[in-house]
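Below is one structure; the comments refer to it alone.
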Number of protein chains: 2
Amino acid sequence: MTDTAPGTASRTPTRRYGTRPTMKDVAARAGVGLKTVSRVVNGEPGVTPDTERRVQEAITALGFRRNDSARILRKGRTASIGLVLEDLADPFYGPLSRAVEEVARAHGALLINGSSAEDPEREQELVLALCARRVDGLVIIPAGHDHRYLAPEMAAGVATVFVDRPAGRVEADAVLADSFGGSQDAVAHLIAHGHRRIGFLGDLPGIHTAAERLRGYHAAMSEAGLPVHDAWVSLGPTDPERVRTAATAMLDAAEPVTALFAGNNRVTVTVVRVLAERPAPAVPVALIGFDDFELADLLSPGISVIAQDSAQLGRTAADLLFRRLDGAGGDPRRLVLPTRLIPRGSGELPPPAAS
Amino acid sequence: MTDTAPGTASRTPTRRYGTRPTMKDVAARAGVGLKTVSRVVNGEPGVTPDTERRVQEAITALGFRRNDSARILRKGRTASIGLVLEDLADPFYGPLSRAVEEVARAHGALLINGSSAEDPEREQELVLALCARRVDGLVIIPAGHDHRYLAPEMAAGVATVFVDRPAGRVEADAVLADSFGGSQDAVAHLIAHGHRRIGFLGDLPGIHTAAERLRGYHAAMSEAGLPVHDAWVSLGPTDPERVRTAATAMLDAAEPVTALFAGNNRVTVTVVRVLAERPAPAVPVALIGFDDFELADLLSPGISVIAQDSAQLGRTAADLLFRRLDGAGGDPRRLVLPTRLIPRGSGELPPPAAS
DNA sequence: CCCGGCGCTGACAACGTTGTCCAGGGGCTA
DNA sequence: TAGCCCCTGGACAACGTTGTCAGCGCCGGG
């Protein structure tokens, strides 16, 4: 790490915080009343062009910028919404956050977001901090299962929309992807290609989507009249280590699974690695993952996935939020967005002949 | 999209905004003075346990939550920082944003972020909106080249750190990756493997990192005494269409390039696709990309890259920002973080024998 | 017994803005 | 020329919080 200090020695005169010019200062300098400055700043009518010019000059001369804190206090609306999600660094949430931001921007609002790191306490802490800031609304991808702490806030008028997972113990709007249906499709797809021993590698069963995907897996299996062996299902944290162990166990069992269904993108990627590292079997293992990911099509074989559009999820939630803010009433709604099966090869591999 | 309304008809009584209880209400209900409530809320000493209990009861009974807008106005500090970047949905920026958030959190601050969409006007608009909110500091990945509009804000005490690209026409802290050195390494690596005709596919030359990478390319070529043909360099928007055309032209030329250096991760991915779609040449084209990306190692061959740690970039910038906020003075600093060459196969492919 | 001091509490102003309301002046009409 | 209205500008309160300061009991020491 190198450190270069530019040659110029011009130091900006560091006025301290709070020493910023206020409308009062601008008014004094322009020789007008306080309210006139306010009018100019907000583009309100009723100011002579000449007066306006004087005020504008004073503003630029002093480097005045309206203090939105005061404005917010006075007006009661912050024109900002909060987004609480698990981890911004996750490629699933980046587009979601961006989509929410775009909708907010269209409504003239800023977005404040926070990562809960899948920790319910941290989620609550963040949400309440946002409420204290008086955000107009909240979009929450919940980490916890009990959101009763939100009841006073919602009663006080903070619009709230849950995304990806429903709220716990409180009635609220929610926008979800069809985890159950998508999983059912995925597993049915594998079954249609001849598989009978299918493994499921999922997230912690406490997470709503993980539970739904498990349910979809079971539904598809039982619909096809197939039994599910305990050893074919592994739920838990999705760190590579655990997934690696679980997948290896399924593949090395006496009666190994011939296909794998990965419960989310992190799991899928780990499984791809595991399969790539194993000595190539006579017949490759089929794989289908929940969540699409970049480059899935460039691997060989391409990885078949159940795609959900996270940006669409965010957009839908934000739209609903602003409709609520615009006064839309009615009971809490639950919107479920469809998923889409994208076959790319890995999910269409047939099982060994003597399956 | 299905829409299910839950059966319960319990409507929460929607108090309107501004109808939230204030400390005054709490004080009245608890039969104490306003300031005593403030003391309890802020955990200040000097309150009898009995009084405190009464106040706490009133708080929960009324569902009171401190209004931070008022607090901010009074105290002058917002305990929030702004992050302006190009696109939160880009996998390069997600980890960066998350890293900044973590540092902010450690300092008790919230993070407000906005996407400039690589549009200078939108960048300015966002930055000034954040300044109006009186964020304590700003982390900016600049889209524009003229940041003089920030001068009054910086003079007023808004700490500002630029990331990934330096500020334009204003003295400010900056944290950069070593684009020049990294590119030099990349091209030298290709040369070391025998290549002499190397193509460079870069971003718009107006973008600082793109210009630096081009400079590194030229430096490595000239250091090796190799000429650079105009047709080997293509700069412009990094949309797949343009990159595809440019790459194809270089590969189909009379004297085709035998290796490609891709100027960023988007370009690299597009090039990988292009190469995958072409009829396999007798000798595969070597490729090295700037920026690492997930799954680069799982492609065949694995894609060699110049890796820069975007999270580290964010962390470093945020650290510097908070050091400034804690009063660290001195001239603006420019920190340059090193890059790292990760060979994975695609960059080590030799050129055709008769090169 | 009185007084100083301490522990607790509350009244009040201030933060910077916006909404309300009123005043003054100029132009237009009768 | 008088009267009226509109147009412009300003004084003032309020938003909800925190910092300052003063008051009120009560206790212990002189």
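In what follows, chains carry the letters A, B, and so on, assigned in the order in which the sequence lines appear, proteins first and then strands, with residues in each chain numbered from 1. Reckoned from all heavy atoms, side chains included, excluding hydrogens, waters and symmetry mates.
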Electrostatic pair B/Glu86-A/Arg98, nearest N-O below 4.0 angstrom: no

Among D/dT17, D/dG19, C/dG16, the nucleotide that comes nearest once only the side chain of A/Ala70 is considered: C/dG16

Side-chain heavy-atom pair A/Ile141, A/Ser116 within 4.5 angstrom cut-off: no

Gap between atoms CG and C1', on B/Leu34 and D/dC15 respectively (whole Å): 13 Å

For atom CD1 of A/Ile72 and atom C1' of D/dT17, their distance in whole Å: 15 Å

Non-hydrogen side-chain atoms of A/Pro142 and A/Glu123 separated by less than 4.5 Å: yes

Donor-acceptor pair under 3.5 Å, B/Lys24 side chain vs D/dG16 base: no

Protein-nucleotide distance (A/Leu73, atom CG; D/dC15, atom C1'), rounded to Å: 4 Å

Sub-4.5 Å side-chain heavy-atom contact between B/Arg133 and B/Ser80: no

Sub-4.5 Å side-chain heavy-atom contact between B/Ser97 and B/Leu111: yes

Proximal nucleotide (of C/dC15, D/dG19, C/dG19) relative to the B/Lys35 side chain: D/dG19

Nearest-angstrom distance from the residue atom CZ of B/Arg133 to C1' of C/dT17: 14 Å

Nucleotide C/dC8, atom P - distance to CD of B/Glu44 in whole Å: 14 Å

Between protein and nucleotides 7-9 of chain D, what N or O pairs are separated by less than 3.5 Å?
| unit_1 | atom_1 | unit_2 | atom_2 | d |
| --- | --- | --- | --- | --- |
| D/dT8 | O3' | A/Thr48 | OG1 | 2.9 |
| D/dG9 | OP1 | A/Thr48 | OG1 | 3.3 |
| D/dG9 | OP1 | A/Thr51 | OG1 | 2.2 |
| D/dG9 | OP2 | A/Thr48 | N | 3.2 |
| D/dG9 | N7 | A/Arg39 | NH2 | 3.1 |

Parallel, tilted or perpendicular: rings of B/His107 and B/Phe322 (30°, 60°): parallel

OP1 or OP2 of C/dG19 under 4.0 Å from side-chain N/O of A/Lys75: yes

Per B/Phe64 side chain, nearest of listed nucleotides D/dT20, D/dT17, C/dT17: D/dT17

Touch class at under 4.0 angstrom, heavy-atom based, for B/Asp68 against every strand present: nothing

Atom-pair distance (CZ on B/Arg134; C1' on C/dG16), nearest Å: 9 Å

B/Arg323 bridged to B/Asp319 by N-O distance under 4.0 Å: no

Between C/dA13 (P) and B/Met23 (CE): distance, integer Å: 19 Å

Distance, rounded to the nearest Å, where A/Leu62 contributes CG and C/dG16 contributes C1': 15 Å

